[in-house]
Amino acid sequence: MITEHPLGDEMINVAIAKVTGRYPTTGNALNQRCKEMAYIHEGNGKVVVNDKEYLVNTGDLVLIEPGEKFHWEGDMSIFISCTPAWTQDQNVMVE
C-alpha cells in the first residue's frame with residue numbers, strides 16, 4: 001500500500017509505502033523520469049535494482065535512478081521522496 005502526499009510542487013513529492021511481501025507482485029517497476037530516494041523507516045527486507053539484490057534494514061537509504069528497474073520484498077515501512085514529482089504516467093511495469 002502506498003499513500004501519496006503531494007506537495008503542490010512539480011519538482012518533488014513524498015509517499016509512505018507499506019510493503020508486506022513483494023511490490024510489485026510480479027516483474028519490476030521503472031520510473032522513466034523521477035529519481036526515487038527511499039528511507040527504510042521500519043522493518044527489513046530487500047530491494048532488487050537492475051537484477052542486483054540489496055538487503056535493507058531500518059535506517060537504510062536507497063537511491064533509485066530514472067530508468068532503473070526495481071522491486072521490493074519484505075515487511076517494511078518506507079518513506080519515499082521523488083524528484084521530479086512522481087506521476088503514474090511515467091511509472092511502468094517491466095520484466
Side-chain angles (χ1 to χ4, degrees):
M1 181 173 83
I2 300 174
T3 305
E4 296 287 332
H5 297 279
L7 301 173
D9 185 336
E10 293 179 3
M11 293 308 299
I12 192 168
N13 71 344
V14 296
I16 303 294
K18 301 274 189 186
V19 175
T20 303
R22 188 182 192 282
Y23 173 81
T25 54
T26 61
N28 292 281
L30 182 145
N31 292 315
Q32 296 174 316
R33 290 188 303 272
C34 72
K35 181 182 295 192
E36 188 168 306
M37 184 179 70
Y39 173 75
I40 311 305
H41 179 257
E42 184 176 77
N44 58 63
K46 67 180 178 180
V47 60
V48 178
V49 180
N50 288 338
D51 301 318
K52 186 169 181 182
E53 183 176 304
Y54 301 91
L55 298 179
V56 294
N57 295 290
T58 299
D60 287 346
L61 190 63
V62 176
L63 184 62
I64 300 170
E65 296 286 345
E68 292 184 323
K69 63 181 185 174
F70 65 94
H71 70 267
W72 299 92
E73 291 183 46
D75 186 13
M76 59 192 127
S77 175
I78 309 168
F79 174 85
I80 300 169
S81 179
C82 293
T83 184
W86 185 92
T87 58
Q88 180 67 48
D89 67 310
Q90 66 83 51
N91 179 259
V92 295
M93 296 299 151
V94 297
E95 288 302 314

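These values consider heavy atoms only, across backbone and side chains, with no hydrogens, waters or symmetry-generated copies.
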### Task
Return the set of residues passing side-chain hydrogen bond (donor to acceptor under 3.5 Å, both in side chains) with Glu73 (not counting sequence neighbours), or none when no residue passes.
His71
### Query
How far does CD of Glu42 sit from CZ of Phe79, to the nearest 0.5 angstrom?
15.0 Å
### Query
Got a sec, which residues hit side-chain hydrogen bond (donor to acceptor under 3.5 Å, both in side chains) with Asn31, two or more places apart in sequence or on another chain?
Glu36, Trp86, Gln90, Asn91
### Closest approach of Leu61 to Met37 (non-hydrogen atoms, all atoms of both residues)
CD1-CG, 3.6 Å
### Fellow cluster residues of Leu30, listed by chain then number, with links counted only when side-chain atoms sit under 4.5 Å apart
Val92, Val94
### Task
Could you work out the complete set of other residues in the hydrophobic cluster of Ile80, with links drawn between I, L, V, M, F, W and Y side chains under 4.5 Å apart?
Ile2, Val19, Tyr23, Ile40, Val47, Val49, Tyr54, Val56, Val62, Ile64, Phe70, Trp72, Met76, Ile78, Met93
### Message
Are Leu63 and Tyr39 connected into the same hydrophobic cluster when the rule is that any two of I, L, V, M, F, W, Y join if their side-chain heavy atoms are below 4.5 Å apart?
### Response
yes
### Message
A quick test of your reading: do over 12 heavy atoms of other residues, nucleotides or ligands sit less than 6.0 Å from CD of Gln32?
### Response
yes
### Task
Decide yes or no for Ile12 and Ser81: does some side-chain heavy atom of the first lie under 4.5 Å from some side-chain heavy atom of the second?
yes
#### Entry: Side-chain heavy atoms of Ile16 within contact of His41, under 4.5 Å
no
### Summary
Residues passing the side-chain hydrogen bond (donor to acceptor under 3.5 Å, both in side chains) test with Asp51, sequence neighbours excluded, are Lys69
#### Entry: With Glu65 via salt bridge (charged side-chain N to carboxylate O under 4.0 Å, His left out) - residues at least two apart
Lys35
### Message
Could you work out, with side-chain hydrogen bond (donor to acceptor under 3.5 Å, both in side chains) as the rule, every residue matching Glu53, not counting sequence neighbours?
### Response
Lys46
### Query
Does the Thr58 side chain pair with the main chain of Gly43, one donor and one acceptor, at a distance under 3.5 Å?
yes
### Query
With Asp75, which residues qualify under side-chain contact (heavy atoms from CB on, under 4.5 Å), at least two apart?
Thr20
### Task
Give the minimum heavy-atom separation between Arg33 and Pro66, together with the two atoms involved.
O-CG, 3.5 Å
### Met11: hydrophobic cluster co-members (side-chain, 4.5 Å)
none
### Task
Under the side-chain contact (heavy atoms from CB on, under 4.5 Å) rule, collect the residues that match up with Thr26, sequence neighbours excluded.
none
